[in-house]
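To start, the structure under review is shown below, and the notes come after it.
In listed order, ligands and their atoms are each counted from 1.
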Amino acid sequence: MEITVDQMYQIENKGHDMGFLKKFMMENAGAASVRRLVDKLGNIESKNIVIFVGLGNNGGDGLVMARHLAGYGAKVTVVLLGTFEKIKTEESNWNWSILEKMTSVKLMTGNSFNFHFTPDVIVDAILGTGISGEIKEPYASAINFINQTDCFKFAVDVPSGLDPQTGETANICTKCDMTVTFHKMKQGIPKRKDLTGELFVEKIGIPPEAEEGIL
Ligand SMILES: NC(=O)C1=CN([C@@H]2O[C@H](COP(=O)(O)OP(=O)(O)OC[C@H]3O[C@@H](n4cnc5c(N)ncnc54)[C@H](O)[C@@H]3O)[C@@H](O)[C@H]2O)[C@H](O)CC1
Ligand SMILES: [K+]
């Protein structure tokens with residue numbers, strides 16, 4: 001069954017109100033994404049993985065992935081597209097503050113993408129269901145950088161720039177090899193397999209009762 005983006009937000013909020021907090025949904029989203037990536041790529045120990053992180057909860061999922069990937073021995077670099085103070089949500093903030101205590105993950109902020117290595121994998125955690133309008137800087141430059149880099153590209157929830165409701169793209173959009181979306185498929189995503197690559201839906205622990213009255 002495919003659902004609308006609006007239904008997804010309603011279900012998420014109802015689950016949160018039931019006591020299954022968004023920070024736990026985020027944890028499950030990031031963990032499920034890493035499991036899919038490891039299933040696909042096998043041993044990721046010592047692989048260079050760059051995670052581009054936006055300031056909303058799509059970025060938060062990327063921050064969770066960073067912690068899990070470090071646990072697999074990957075060399076993880078997180079590029080926060082903005083400053084720490086501008087992170088918009090409590091749950092993303094919480095995950096950023098954990099990474100600040102981890103020397104195994106390199107944290108970068110701002111809009112210079114000079115890496116002293118070639119990424120083996122890029123994780124696109126820039127924009128998800130919260131996208132609206134044309135892509136602004138520094139997100140646009142990050143999307144261009146991703147599209148110009150030759151490596152495996154993994155989209156968290158939806159390739160950034162793709163509207164998960166309509167399947168239409170903004171002025172730019174990442175082209176990915178794999179996409180993992182959460183809870184249930186959103187209507188616009190499967191229309192654009194050319195951008196998503198392999199597409200999976202993962203449950204993130206939301207009680208089915210949170211759908212009552214919505215679906
Ligand atoms: N489905 C679930 O139950 C869960 C989903 N999770 C993840 O959360 C995101 C949605 O998070 P949200 O904070 O609502 O939105 P985004 O992160 O997609 O982005 C909002 C952020 O981006 C800015 N923005 C919007 N449009 C643009 C633009 N065109 N250019 C530049 N910037 C833009 C906006 O200002 C906001 O700051 C979902 O996709 C999942 O990945 C959760 O983990 C919980 C469970
Ligand atoms: K994304």
Side-chain angles (χ1 to χ4, degrees), residues 2-18 20-33 51-65 79-83 85-95 111 122-144 146-147 153-165 168-186 188-189 192 195-197 199-208 210-211 214-215:
E2 291 175 7
I3 64 172
T4 67
V5 167
D6 185 54
Q7 285 168 332
M8 185 67 252
Y9 275 114
Q10 288 182 54
I11 293 165
E12 182 185 335
N13 286 331
K14 196 160 160 206
H16 184 84
D17 291 343
M18 287 170 72
F20 185 64
L21 304 180
K22 287 183 192 173
K23 66 157 72 161
F24 299 123
M25 299 177 202
M26 183 175 278
E27 183 66 28
N28 287 336
S33 295
I51 308 180
F52 285 94
V53 169
L55 298 171
N57 274 355
N58 192 252
D61 297 346
L63 299 176
V64 171
M65 286 184 74
V79 184
L80 180 69
L81 298 170
T83 55
E85 304 78 50
K86 294 217 171 110
I87 292 179
K88 294 195 191 280
T89 68
E90 183 196 332
E91 45 275 8
S92 282
N93 246 307
W94 181 68
N95 277 299
N111 54 4
I122 290 180
V123 174
D124 161 14
I126 301 172
L127 280 167
T129 49
I131 185 175
S132 73
E134 300 294 271
I135 309 297
K136 297 185 235 25
E137 291 296 349
Y139 291 9
S141 294
I143 290 171
N144 281 324
I146 292 171
N147 284 341
K153 291 156 198 174
F154 179 95
V156 179
D157 203 20
V158 55
S160 297
L162 175 60
D163 182 327
Q165 183 53 42
E168 284 165 13
T169 54
N171 45 328
I172 37 172
C173 181
T174 57
K175 183 169 171 19
C176 297
D177 299 295
M178 181 183 280
T179 298
V180 174
T181 195
F182 308 117
H183 188 67
K184 281 198 161 86
M185 184 58 71
K186 320 311 167 313
I189 300 176
R192 298 308 302 269
L195 299 172
T196 64
L199 179 58
F200 300 97
V201 187
E202 290 289 344
K203 296 290 177 209
I204 54 173
I206 298 176
E211 296 178 345
I214 299 166
L215 298 187

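One finds the OG1 atom of Thr174 at 6.0 Å from the CG atom of Asn147 (value rounded to the nearest 0.5 Å).
Residue contacts with ligand 1: Leu55 is excluded, as none of its non-hydrogen atoms falls under 4.0 Å. Between Ile206 and ligand 1 there is a heavy-atom distance shorter than 4.0 Å. Residue Ala29 places no heavy atom under 4.0 Å from ligand 1.
Taking only nitrogen or oxygen atoms, main chain and side chain alike, Gly130 reaches within less than 3.5 Å of ligand 1. Any N or O atom pair closer than 3.5 Å counts here, and Ser132 shares at least one such pair with ligand 1. Residue Asp61 places at least one N or O, backbone or side chain, under 3.5 Å from an N or O of ligand 1. Annotation: Thr89 places no N or O atom under 3.5 Å from an N or O atom of ligand 1; distance criterion only.
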From CA spacing to verdict: side-chain contact (heavy atoms from CB on, under 4.5 Å), Met25, Phe182: CA-CA 9 Å; Met25 299 177 202; Phe182 308 117; over 6 Å; no

Carefully, step by step, assess Leu55 and Tyr139 under the rule side-chain contact (heavy atoms from CB on, under 4.5 Å). CA-CA 10 Å; Leu55 298 171; Tyr139 291 9; 3.6 Å; yes

Intermediate values then yes/no, side-chain contact (heavy atoms from CB on, under 4.5 Å), Phe52 and Asp124: CA-CA 5 Å; Phe52 285 94; Asp124 161 14; 5.8 Å; no

Worked check of side chain to side chain donor-acceptor pair (under 3.5 Å) between Glu91 and Asn95: CA-CA 6 Å; Glu91 45 275 8; Asn95 277 299; over 6 Å; no

For Val158 and Arg192, run side-chain contact (heavy atoms from CB on, under 4.5 Å): C-alpha distance rounded to whole Å, both residues' side-chain angles, the deciding distance at 0.1 Å, then the answer. CA-CA 10 Å; Val158 55; Arg192 298 308 302 269; over 6 Å; no

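Contact annotation for Met26 and ligand 1: heavy atoms of both the backbone and the side chain come within less than 4.0 Å of the ligand. Residue contacts with ligand 1, taken as heavy atom pairs separated by less than 4.0 Å, involve Glu134 solely via the backbone atoms N, CA, C and O.
Counting only heavy atoms of the protein, atom 14 (O) of ligand 1 lies nearest to Tyr9 OH, 2.6 Å. The protein heavy atom nearest to atom 9 (C) of ligand 1 is Asn58 N, 3.5 Å. Glu12 OE1, 4.0 Å is the protein heavy atom nearest to atom 5 (C) of ligand 1. Here the protein heavy atom with the shortest distance to atom 38 (C) of ligand 1 is Asp157 OD2, 3.1 Å. Among protein heavy atoms, the minimum distance from atom 31 (C) of ligand 1 is reached at Tyr139 CD2, 3.4 Å. The shortest contact between atom 35 (O) of ligand 1 and any protein heavy atom is with Lys88 CE, 3.7 Å. The protein non-hydrogen atom at the shortest distance from atom 11 (O) of ligand 1 is Asn57 CB, 3.3 Å. Scanning the protein heavy atoms around atom 10 (C) of ligand 1, the nearest turns out to be Thr129 OG1, 3.2 Å.
At the K ion (ligand 2), the vertex angle linking O of Leu127 with OG of Ser160 is 70° (nearest 10 degrees).
With a cut-off of 3.4 Å, the K ion (ligand 2) has an N, O or S atom of Val158 in range. Inclusion of Gly128 in the first shell of the K ion (ligand 2) is not supported: no N, O or S atom falls under 3.4 Å. With 3.4 Å as the limit, Thr174 does not count as an N, O or S neighbour of the K ion (ligand 2). The K ion (ligand 2) lies under 3.4 Å from an N, O or S atom belonging to Val156. Put simply, Asp124 gets within reach of the K ion (ligand 2), with an N, O or S atom under 3.4 Å from it.
Counting only heavy atoms from C-beta outward, the side chains of Leu80 and Ile87 approach each other to under 4.5 Å.
Among His16, Lys14, Lys22, His183, the single residue meeting the side chain to side chain contact (heavy atoms under 4.5 Å, CB included) criterion with Ile206 is His183.
Under the 3.5 Å distance criterion, the side-chain polar atoms of Lys186 are matched with a main-chain donor or acceptor of Lys184.
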